[in-house]
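Here the structure comes first, spelled out in structure tokens, and everything after it is commentary.
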Protein chains: 2
Amino acid sequence: MPSPRPPKFQRRKADRPDEIVAAALEIFAEKGFAAARLDDIAARAGVSKGALYLYFPTKQDIFRAVVEQGVAPNLDIVRAGLAAATDDFANLLRGLMKALPSVIATTSTGGIVKMVIGESRNFPELAQAWHDKLVQPALGAMTGAIAAAQARGELRAGDPRLYAISLVAPMLVGVIWRETFTPVGAEPIDIAALAEQHVELWLRGVLSQAGAAA
Amino acid sequence: MPSPRPPKFQRRKADRPDEIVAAALEIFAEKGFAAARLDDIAARAGVSKGALYLYFPTKQDIFRAVVEQGVAPNLDIVRAGLAAATDDFANLLRGLMKALPSVIATTSTGGIVKMVIGESRNFPELAQAWHDKLVQPALGAMTGAIAAAQARGELRAGDPRLYAISLVAPMLVGVIWRETFTPVGAEPIDIAALAEQHVELWLRGVLSQAGAAA
DNA sequence: TCCTAATAACTGACTGGCTGGTTATTAGTG
DNA sequence: CACTAATAACCAGCCAGTCAGTTATTAGGA
């Protein structure tokens, strides 16, 4: 009785690119661009190395695709946050910061952030894409919202862009910490707790007397 | 007329290691570990590739030396800061934060930070060394100082470690920004201004009423 | 429904170039 | 002259990228 030999591979043209990009994201996030081998990516994607070249002309193009795919969902989150920007500022912020940690936990933001930072010299275009498409719009929107709240008298005077940086920096550091130091035995940072405590700290530091009373 | 041909090389055994490490720091900071070629390092150090191996047995050892040389001065700064920790907390902090930006500007902290983050998976020992020798002591000292100030009633309640992170994160982000986004045309962050504004924000957010009155 | 031919997704062995590391040789120094 | 820092040519291994061949899949004919 001839046992029905399972097929050596299956043709799934439509699914391959996404699978490859997903695999590449993991490998790149682990090793960085240069140290990542195409054989590793292919293996994790359950495909041969040759197959990669059916979908992407070069290693750099895979990298590009990974970063772009990493930008998109974050961009949506930013847009969604902006759409709700009519609320009063303090509560808007509390809501935003409450949502953020779960987003960070579920997506692979951390690995991508590490990649963008680590490979920025070798791929300036990617750092630029990230800045232009994601960082600058997000930071700009936050800066604008802060400036508006200052104009309304809710927040005290000061450079709104620097206030925005003061606000988001700890979350970014939390992500980097998780990727860099926690794996080598450092005490983890509870990003949710950090977010909550930091927002209150920030509000106390930036609200004007009028705003604080509200 | 015999033109006085300059010597092909000079023997300067004592100076070479430092020159090599300095060159390696620049190259590693630019390209990351894997993408950095030994020929580049040798060329920048004004030396042949073979000469590298007179002083360091392997590429990783050069990397190690670079990181260690990068740790030492920062560690001294932290220690010096701690020695003065008898002052009252708010002013201690203001002084510390005033000193920090120039330190960041003069040393090549930025490149090293980028390196440690980018290569942490491939060289966990280095991330660990940085954490154990520099980050953890610094953060721990800061946490301790905050906890002490809380005990004295100067600062309000809250997780002192998270407060410490809230305090230093923006400076770290400033450094990363300078290394990652400024080179691709992003608007620079004025780290000194950020430090000053952020410390005041932080103090308003963390000082207790009693502390604020002082 | 079964068989066959045509198509194209996929494989995996191969290669060319690059780079970490070695070593025979040269040349500065005392 | 003896010694050794430093060189530069060299080697070995690794990996991105290639391609000739293999196999799943589909279309069409009987």
Side-chain angles (χ1 to χ4, degrees), chain A residues 2-28 30-66 115 119 121-123 126, chain B residues 2-28 30-66 115 119 121-123 126:
Chain A
S3 72
R5 179 171 54 87
K8 203 167 184 179
F9 60 87
Q10 276 163 23
R11 311 175 71 176
R12 300 193 353 269
K13 182 181 174 140
D15 301 333
R16 295 299 191 205
D18 281 353
E19 292 175 2
I20 291 170
V21 169
L25 165 62
E26 294 178 30
I27 302 288
F28 281 139
E30 263 174 42
K31 314 206 181 212
F33 178 80
R37 276 166 300 158
L38 288 182
D39 281 311
D40 293 342
I41 295 173
R44 183 148 329 182
V47 118
S48 75
K49 187 166 61 154
L52 299 181
Y53 283 87
L54 298 173
Y55 300 101
F56 300 94
T58 157
K59 189 185 182 185
Q60 293 207 15
D61 286 286
I62 300 178
F63 192 60
R64 253 179 278 275
V66 166
M115 256 172 42
E119 307 288 347
R121 297 280 169 146
N122 304 80
F123 298 89
L126 293 175
Chain B
S3 72
R5 182 172 52 86
K8 203 167 185 179
F9 61 86
Q10 275 165 21
R11 315 173 83 175
R12 296 186 3 261
K13 179 173 177 156
D15 301 333
R16 294 298 191 207
D18 281 354
E19 292 175 4
I20 291 171
V21 169
L25 165 62
E26 293 178 31
I27 302 287
F28 281 140
E30 264 174 42
K31 315 209 180 206
F33 179 80
R37 278 166 300 156
L38 288 180
D39 283 311
D40 293 342
I41 296 174
R44 183 150 327 185
V47 122
S48 76
K49 187 170 61 154
L52 262 46
Y53 283 88
L54 297 173
Y55 301 101
F56 300 95
T58 155
K59 190 186 183 185
Q60 292 207 16
D61 286 286
I62 300 178
F63 195 57
R64 252 180 278 275
V66 166
M115 252 170 47
E119 307 287 349
R121 296 281 167 141
N122 303 77
F123 299 90
L126 292 174

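In the text below, chain A, chain B and the rest are named by the order of the sequence lines, each starting its count at 1.
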*Can you find an N or O donor on one side and an acceptor on the other, under 3.5 Å apart, linking the side chain of B/Lys49 with the base of C/dG21?*
yes

Measure from [atom1] on [X] to [atom2] on [N] and round the result to the nearest Å.
X: A/Ile62; N: D/dA16; atom1: CD1; atom2: P; answer: 9 Å
X: B/Asp39; N: C/dG17; atom1: CG; atom2: C1'; answer: 14 Å
X: A/Glu19; N: C/dA9; atom1: CD; atom2: C1'; answer: 13 Å
X: A/Ile27; N: D/dA16; atom1: CD1; atom2: P; answer: 12 Å
X: B/Tyr53; N: C/dT23; atom1: OH; atom2: P; answer: 13 Å
X: A/Lys31; N: D/dC14; atom1: NZ; atom2: P; answer: 14 Å
X: A/Gln60; N: D/dC15; atom1: CD; atom2: C1'; answer: 15 Å
X: B/Leu38; N: D/dA8; atom1: CG; atom2: P; answer: 17 Å

*Using a cut-off of 4.0 Å on non-hydrogen atoms, how would the nucleic acid contact of B/Leu54 be classed: base, sugar-phosphate, or nothing?*
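The residue B/Leu54 makes base contact.
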
*Which part of the nucleic acid does A/Ala36 contact within heavy-atom distance under 4.0 Å: base, sugar-phosphate only, or nothing?*
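Contact class for A/Ala36: sugar-phosphate only.
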
*Among C/dT11, D/dA16, C/dG20, which nucleotide sits nearest the side chain of B/Arg37?*
C/dG20

*Candidate nucleotides C/dG21, D/dA8, C/dC10, ranked by approach to the side chain of B/Ser48 - the nearest*: D/dA8

*asked:* I want to confirm an ordering. Mapping B/Ala51 and A/Ala34 to their closest nucleotides on DNA chain D, which one lands closer to the 5' end?
replied: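 Closest to the 5' end, via its nearest nucleotide, is B/Ala51.
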
*Indicate yes or no: does B/Glu30 engage B/Arg44 in a salt bridge with an N to O separation below 4.0 Å.*
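Between B/Arg44 and B/Glu30 there is a salt bridge, with a charged N closer than 4.0 Å to a carboxylate O.
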
*Identify which one of A/Leu25, A/Ile27, A/Ile20 satisfies the side chain to side chain contact (heavy atoms under 4.5 Å, CB included) criterion when paired with A/Val66.*
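Passing option: A/Leu25.
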
*Which pair of non-hydrogen atoms, one from A/Ile41 and one from A/Ala23, has the smallest distance, and what is that distance?*
O-CB, 3.7 Å

*What is the ring orientation for B/Phe63 with B/Phe123, classed by angle as parallel under 30°, tilted 30 to 60°, or perpendicular over 60°?*
tilted

*So, is A/Thr58 near the phosphate of D/dA16, with a side-chain N or O under 4.0 Å from OP1 or OP2?*
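For D/dA16, neither OP1 nor OP2 has a side-chain N or O of A/Thr58 closer than 4.0 Å.
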
*Within the pair A/Arg16 and C/dC10, is there a side-chain N or O less than 4.0 Å away from OP1 or OP2?*
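Yes, A/Arg16 has a side-chain N/O under 4.0 Å of OP1/OP2 on C/dC10.
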
*Could you grab the distance from atom CD1 of A/Ile62 to atom OH of A/Tyr53, nearest 0.5 Å is fine?*
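Interatomic distance, A/Ile62 CD1 to A/Tyr53 OH, rounded to 0.5 Å: 6.5 Å.
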
